[in-house]
Engineer: 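Got a structure for you, questions after.
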There are 2 protein chains.
Amino acid sequence: MSLSEANQDYLKAIYKLRAHGTVTTQALADRLKVAPPSATAMIKKLAALQLVTHTPYYGVQLTQTGEKIALEIIRHHRLVETYLTEVLGLGWDQAHIEAERWEHILSEEVEARMDAALGSPTRDPHGAAIPTLNGEIAVDDWTRLSEVSGGENLIVRRVSDENAELLGHLREIGLVPGAHVAVQRAVGAEGTLHLEIEGQAHVFGIAPARFVYVETLDETL
Amino acid sequence: MSLSEANQDYLKAIYKLRAHGTVTTQALADRLKVAPPSATAMIKKLAALQLVTHTPYYGVQLTQTGEKIALEIIRHHRLVETYLTEVLGLGWDQAHIEAERWEHILSEEVEARMDAALGSPTRDPHGAAIPTLNGEIAVDDWTRLSEVSGGENLIVRRVSDENAELLGHLREIGLVPGAHVAVQRAVGAEGTLHLEIEGQAHVFGIAPARFVYVETLDETL
DNA sequence: CATTGAATTTAGTTGCGGCTAATTTCTTTT
DNA sequence: AAAAGAAATTAGCCGCAACTAAATTCAATG
Ligand SMILES: [Mn+2]
Ligand SMILES: [Mn+2]
Ligand SMILES: [Mn+2]
Ligand SMILES: [Mn+2]
């Protein structure tokens, strides 16, 4: 009993939306760019397969089995992303688009070979944790760059890969995992952050800063 | 207008069957393991897309466009096969099975990167020609090992990848592209060939020998 | 507590790529 | 030249995953 590509994409989407509480039909439909009735129909199929539990009119939740499968697909995605950037030299955004397809057809054998070739990485190129073969995944408690107040010394840990365009831009200006960032000041009224990225001054908007996760080194600049 | 995986597999199958003359519905159905009416239905769709010409009750032929697409898929397949064996170390049979899926999702970008990483190979691991980006492919005029009479000195050029099990066995006994083979004698009645593969004596059946293509070095052993 | 509006589900349709059963067409045999 | 047989096509169906339009349910508001 192997799952269709659609099945897998739904499970992955539910997993990613799960942080905001129970996953609503609408949130799922929005994320997958399908009409709400399509999401309802798929939810019922997944519930029949015992991969999710569905409380009609309230929302959907992954079962243990469902979560395990979601994590397996995410592992595939992130390993492929890492492989495509590290070994074949693709750009982050390109690698993400490719991985969206490859994640569904990667065999366990090739997964293992890629993992070995990369030295069993624990993070993908943009800092997201790669689940283990057993379906374990690191939980990060990093801060969003949009939440800092000014004066901090930070290190970038992860940038969200939801937006391909943003991803490309972040890489260009060096806002990548490992980069050191000093926050000069946050101008709330203007919605801007005055940053120093690896010594380079930059003015950055609050909106995209929501997608950059940082760790605070110290607050005494 | 991009073609579905099924569309692509049909075009590839028609291309591979084309050598035996016009491609019949049955041959196509057999190869793709579908029922004849399924093949008829798909043939009509491909004809509507001008990728094949269909003469009802007689058979189907690729158009220029159709052949070009078939060759592109075959290029993908053989590049991936080569990449998986050379770079990731998969076995031939495993690589072939994987390539059957990868061929449909390989982007031009990744295709180019793999091609470069491999040094633009012209042959896949089992000796089949890799079509160029422009859709050109080398025409081989090699002999089947089943056609030799005895006494020849041969060099293996290609082994067919139609049968995964056979492919694995051939590799084991060293009947691979580049191997030197001396034919001691062919016993027609028994359907056996007495070979020396790189110095090692082997008795080989005529049936599998049909899938091994050789070049004759000389006939004066 | 009745009303209203948004979210969700149900009902019914579509395209794709399979299938079986029935029919048609071509070829071979008598 | 008719009949038989094999191959191909047509007719009608199914599961999947999408869609729109209509009905239902829940929550918020007056
Ligand atoms: Mn990603
Ligand atoms: Mn995907
Ligand atoms: Mn092959
Ligand atoms: Mn294929």
Side-chain angles (χ1 to χ4, degrees), chain A residues 1-18 20-62 66 69-70 73 100-101 103-105, chain B residues 1-18 20-62 66 69-70 73 100-101 103-105:
Chain A
M1 186 260 299
S2 81
L3 299 171
S4 71
E5 180 162 335
N7 285 331
Q8 293 180 18
D9 278 337
Y10 274 90
L11 289 177
K12 195 175 65 153
I14 294 168
Y15 179 90
K16 295 221 171 172
L17 291 168
R18 150 211 67 134
H20 311 290
T22 327
V23 178
T24 65
T25 301
Q26 194 138 75
L28 199 49
D30 282 353
R31 178 172 245 269
L32 293 171
K33 297 190 204 302
V34 298
S38 309
T40 302
M42 182 60 88
I43 286 168
K44 291 187 159 186
K45 284 178 208 160
L46 295 175
L49 291 170
Q50 314 236 54
L51 300 175
V52 302
T53 53
H54 183 212
T55 317
Y57 292 100
Y58 282 90
V60 73
Q61 263 194 308
L62 291 175
I69 294 173
I73 301 159
E100 208 55 54
R101 278 177 284 124
E103 62 190 0
H104 306 291
I105 66 154
Chain B
M1 184 263 297
S2 78
L3 299 171
S4 72
E5 180 162 335
N7 285 332
Q8 294 179 17
D9 278 337
Y10 273 89
L11 289 178
K12 196 174 66 153
I14 295 168
Y15 180 90
K16 295 218 172 176
L17 291 169
R18 150 211 64 134
H20 312 292
T22 328
V23 178
T24 66
T25 301
Q26 194 139 75
L28 199 49
D30 282 354
R31 178 172 244 267
L32 293 171
K33 297 191 204 303
V34 296
S38 307
T40 301
M42 182 58 88
I43 286 168
K44 290 186 159 188
K45 284 179 207 159
L46 295 175
L49 291 170
Q50 314 237 55
L51 300 175
V52 302
T53 54
H54 183 211
T55 316
Y57 292 101
Y58 281 90
V60 74
Q61 263 193 309
L62 291 175
I69 295 172
I73 301 158
E100 207 57 54
R101 278 177 285 122
E103 62 189 1
H104 307 291
I105 67 154

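Just so we're on the same page: letters track the sequence lines, and every chain starts at 1. Source: prediction; values computed, not measured.
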Engineer: Rounded to the nearest angstrom, tell me the gap between atom CG in A:D30 and atom P in C:dA6.
Structural biologist: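 Rounded to the whole Å, the gap is 15 Å.
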Engineer: Round to the nearest Å and state the distance from A:E5 atom CD to D:dA18 atom P.
Structural biologist: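 The answer, rounded to whole Å, is 10 Å.
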Engineer: Would one find a side-chain N or O of B:S4 under 4.0 angstrom from OP1 or OP2 of C:dG17?
Structural biologist: yes
Engineer: Between C:dG17 atom C1' and B:L32 atom CG, what is the distance in whole Å?
Structural biologist: 12 Å
Engineer: B:D9 has an atom CG; how far is it from atom C1' of C:dG18, in whole Å?
Structural biologist: 14 Å
Engineer: What's the separation between atom NE2 in B:H104 and atom OG in B:S2, rounded to the nearest 0.5 Å?
Structural biologist: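 The OG atom of B:S2 is 12.5 Å from NE2 of B:H104, to the nearest 0.5 Å.
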Engineer: Return the set of residues passing salt bridge (Lys or Arg N to Asp or Glu O under 4.0 Å) with B:E100 (not counting sequence neighbours), or none when no residue passes.
Structural biologist: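 Per chain and number, B:E100 pairs via salt bridge (Lys or Arg N to Asp or Glu O under 4.0 Å) with B:K12.
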Engineer: Rounded to the nearest 0.5 Å, what's the gap from CD1 on A:I14 to CG on A:L51? Could you check?
Structural biologist: 9.0 Å
Engineer: If a pair satisfies side chain to side chain donor-acceptor pair (under 3.5 Å) and one of its residues is in residues 25-43 of chain B, list it, with sequence neighbours excluded.
Structural biologist: B:R31-B:E162
Engineer: For nucleotides 20-28 of chain C, read 5' to 3', which letter fits each nucleotide if B means a protein heavy atom sits under 4.0 Å from the base, S means only the sugar-phosphate is that close, and - means neither?
Structural biologist: BB--BSSS-
Engineer: With a 3.5 Å distance limit and no angle check, can you tell me whether A:Q8 reaches the backbone of A:A70 through a side-chain donor-acceptor pair?
Structural biologist: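 Not confirmed, A:Q8 side chain does not pair with A:A70 backbone.
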Engineer: Going by salt bridge (charged side-chain N to carboxylate O under 4.0 Å, His left out), name the pairs with one or both residues in residues 35-56 of chain B, residues two or more places apart or in two chains.
Structural biologist: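 The answer is none; no pair qualifies.
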Engineer: Is any side-chain nitrogen or oxygen of B:T25 closer than 4.0 Å to OP1 or OP2 of D:dT9?
Structural biologist: yes
Engineer: Do the side-chain N or O atoms of A:T40 get closer than 4.0 angstrom to the phosphate oxygens (OP1, OP2) of C:dT10?
Structural biologist: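 A:T40 to C:dT10 OP1/OP2: no side-chain N or O under 4.0 Å.
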Engineer: Would you jot down, in residue-number order, the residues of residues 41-55 of chain A having a non-hydrogen atom under 4.0 Å from DNA chain C?
Structural biologist: A:K44, A:H54
Engineer: Considering residues at least two apart in sequence or located in another chain, which fulfil the side-chain hydrogen bond (donor to acceptor under 3.5 Å, both in side chains) criterion with A:Q50?
Structural biologist: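 Per chain and number, A:Q50 pairs via side-chain hydrogen bond (donor to acceptor under 3.5 Å, both in side chains) with no residue.
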Engineer: Sub-3.5 Å donor-acceptor pair from the side chain of B:T55 to the main-chain atoms of B:Y58, do we have one?
Structural biologist: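 No; judged by distance alone, with no hydrogens or angles, the pair does not exist.
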